Amino acid sequence: KIYYEQKNFQNALNYFDQVLQININHGNSRIFSAACFSELKEYDKVISILQPLIETYNDWIKINNGKDDQANLYIGKFHRSEIANSLHIYGSALSQINSENRNQILGYYYASVTVFPACFVCWNNYAVLLSKYGRIDEAAEAYNRAIKLNAGTSTIYSNLASIYTSFDTQQSLKFYREAVVREPNNAKNWIKLADTHSYLKNWDASLAAYKQAIYLAPESLSAHTGIVKVYMYICKWPQFLQYKKKTFEIFTNLIQNETIWQNLLVQNILSPIFAIELHMSPNSTYYAAKYNAAYEENQAKMLVQKWPLFENYDK
């Protein structure tokens with residue numbers, strides 16, 4: 001488990017395999033092995049390693065005709081918590097292999113919370129999937145079930161806040177506040193809180209939250225991008241220039257790594273501020289054009305017209 005927590009998944013797998021050679025029915029070793037394979041994107045192996053638990057669950061359902069005696073903590077040779085965790089990890093792997101079969105995938109997640117209703121992680125994961133499928137009311141209910149089981153976990157509040165972002169910003173703000181109270185050293189939660197304040201034009205609160213995020217994560221591009229935008233909106237130009245300089249340093253360092261660059265594009269957290277500024281650095285003009293081609297087509301055309309450095313933009 002230490003190797004798993006350190007994200008040294010291959011070493012973790014070696015040790016879990018040794019446990020399974022001693023006890024083939026050691027449920028937690030199968031679950032952690034599946035989690036490692038999932039991190040390595042080897043989803044077929046996730047399906048394979050969890051098969052004994054899934055088959056045990058399916059056989060149990062058939063024998064009991066779908067009836068469940070919650071008093072019995074074991075299903076076959078496995079504890080209910082092991083069956084529950086295996087079901088949602090199995091469903092997650094299926095979604096990566098074939099995302100079209102939503103009902104089947106959702107069925108595994110739902111089974112996980114019915115088999116072991118005391119698993120707050122299962123409720124949280126079920127809620128995440130419901131939210132992804134646009135079933136917002138059901139997702140909110142599932143998140144609230146998770147909160148009742150473990151009110152101290154900031155991730156649940158942050159996830160719950162995210163489902164309200166597009167239609168009830170005040171509710172979103174409420175739950176992001178709960179998230180930072182429960183995990184005050186989590187920079188990502190502070191950034192989300194700051195983003196929400198910024199959307200509501202609560203400029204002072206937004207700046208305070210971004211500054212806290214920067215204190216916790218000094219090289220965070222998201223936090224610096226956010227605070228630069230706020231200072232631009234409120235026309236505080238000395239502070240704007242101060243933070244923009246640092247933001248641009250972080251940005252230019254990050255884009256030297258193509259993998260990181262691609263992740264930034266996927267996340268769509270880059271700002272046109274940087275696309276405009278990149279003309280000052282000849283080695284980085286390619287990235288500015290690349291970013292604009294992906295997300296700011298009109299802006300890209302303006303850059304091509306304004307600066308000769310973008311003359312090869314079409315190519």
Side-chain angles (χ1 to χ4, degrees), residues 1-130 132 142 145-146 149-150 153 155-156 159:
K1 289 183 180 180
I2 292 173
Y3 279 125
Y4 175 79
E5 291 167 359
Q6 294 174 343
K7 300 188 183 300
N8 190 339
F9 301 119
Q10 203 57 59
N11 270 342
L13 282 167
N14 291 337
Y15 282 102
F16 288 131
D17 183 59
Q18 290 180 41
V19 175
L20 289 170
Q21 288 180 30
I22 298 169
N23 179 6
I24 196 170
N25 293 316
H26 195 272
N28 274 331
S29 290
R30 288 190 176 277
I31 290 164
F32 274 102
S33 294
C36 289
F37 285 130
S38 183
E39 293 286 352
L40 296 169
K41 303 188 186 305
E42 298 181 30
Y43 301 113
D44 289 339
K45 291 182 180 178
V46 174
I47 300 296
S48 176
I49 197 76
L50 291 178
Q51 205 62 45
L53 289 100
I54 303 302
E55 289 176 358
T56 297
Y57 170 76
N58 289 334
D59 292 342
W60 174 77
I61 286 291
K62 290 176 184 176
I63 293 170
N64 291 277
N65 295 318
K67 295 179 180 179
D68 187 357
D69 177 13
Q70 290 287 336
N72 188 351
L73 291 178
Y74 283 84
I75 295 175
K77 298 176 181 178
F78 302 106
H79 193 277
R80 282 178 178 271
S81 63
E82 295 173 337
I83 295 289
N85 281 305
S86 68
L87 284 164
H88 75 74
I89 296 172
Y90 191 88
S92 176
L94 285 179
S95 72
Q96 296 295 329
I97 295 171
N98 181 11
S99 61
E100 298 300 318
N101 199 344
R102 288 188 173 187
N103 288 336
Q104 182 188 27
I105 295 164
L106 200 59
Y108 281 108
Y109 279 79
Y110 179 69
S112 74
V113 299
T114 56
V115 165
F116 194 55
C119 178
F120 77 90
V121 173
C122 297
W123 281 106
N124 179 72
N125 292 337
Y126 180 46
V128 170
L129 188 65
L130 287 167
K132 179 181 177 181
R145 288 289 297 269
L149 292 166
N150 190 335
T153 303
T155 303
I156 303 172
N159 288 341

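Predicted, not measured: the structure shown is a model, and the values here were computed from it.
Using a distance-only test at 3.5 Å, with no hydrogens or angles considered, no donor-acceptor pair links the side chain of S48 to the main chain of K45. Side chain of T56 to backbone of P52: a donor-acceptor contact under 3.5 angstrom is found. Side-chain N or O atoms of S92 include none that pairs as donor or acceptor with a backbone N or O of H88 at under 3.5 Å. With hydrogens and angles disregarded, a donor-acceptor distance shorter than 3.5 Å links the side chain of N125 to the backbone of V121. Of the possible donor and acceptor atoms, one in the side chain of H26 sits under 3.5 Å from a partner among the backbone N and O of S29. Checked by atom type and distance alone, the side chain of S99 never pairs as donor or acceptor with a backbone atom of Q96 at under 3.5 Å.
Between L94 and N101, the closest side-chain pair of non-hydrogen atoms is not below 4.5 Å. Residues L40 and L13 form a side-chain contact, since some pair of their non-hydrogen atoms from C-beta on lies under 4.5 Å apart. Side-chain contact between L87 and Y109 is absent, with no heavy atoms from C-beta onward closer than 4.5 Å. At least one side-chain heavy atom of Q51 sits under 4.5 Å from a side-chain heavy atom of I47. Contact annotation: the side chain of Y126 approaches that of Y110 to within less than 4.5 Å [non-hydrogen atoms, C-beta and beyond]. Looking at heavy atoms from C-beta onward, V113 lies out of side-chain contact with F116 at the 4.5 angstrom threshold.
Between N14 and Q18, the side chains place no donor N or O within less than 3.5 Å of an acceptor N or O (distance only, hydrogens not considered).
When all heavy atoms are compared, the tightest approach of I156 to A146 is CD1-CB, 3.7 Å. Closest heavy-atom contact between S33 and L20: OG-CD1, 4.4 Å. The two atoms that bring A84 and S112 nearest to each other are O-CB, 3.1 Å, heavy atoms only. Scanning both residues, V46 and A93, for their nearest heavy atoms gives CG1-CB, 3.6 Å. Scanning all heavy atoms of the two residues, the minimum distance from R30 to L53 falls at CD-CD1, 3.6 Å. Scanning all heavy atoms of the two residues, the minimum distance from P117 to L149 falls at O-CD1, 3.2 Å.
If you take CD1 on I54 and CD1 on I89, they are separated by 9.5 Å, rounding to the nearest 0.5 Å. Between atom SG of residue C36 and atom CD1 of residue I49 there is a gap of 10.0 Å, rounded to the nearest 0.5 Å. One distance of note links CD1 of I83 with CD1 of I31; it measures 8.0 Å at 0.5 Å rounding. Taken to the nearest 0.5 Å, the CG atom of N28 stands 10.5 Å off from the CZ atom of F78. Between the CD atom in E39 and the CG atom in N8 there is a gap of 12.5 Å [rounded to 0.5 Å]. Here CZ of R80 is found 5.0 Å from CH2 of W60. Values are rounded to the nearest 0.5 Å.
Ring pair F32/F16 is parallel by interplanar angle, where below 30° counts as parallel and above 60° as perpendicular.
Enclosure of atom CG in N103 is not indicated, since only 12 or fewer non-hydrogen atoms of other residues, nucleotides or ligands lie within 6.0 angstrom.
Note: Y3 and Y15 meet the aromatic proximity criterion, with ring centroids under 6.0 Å apart.
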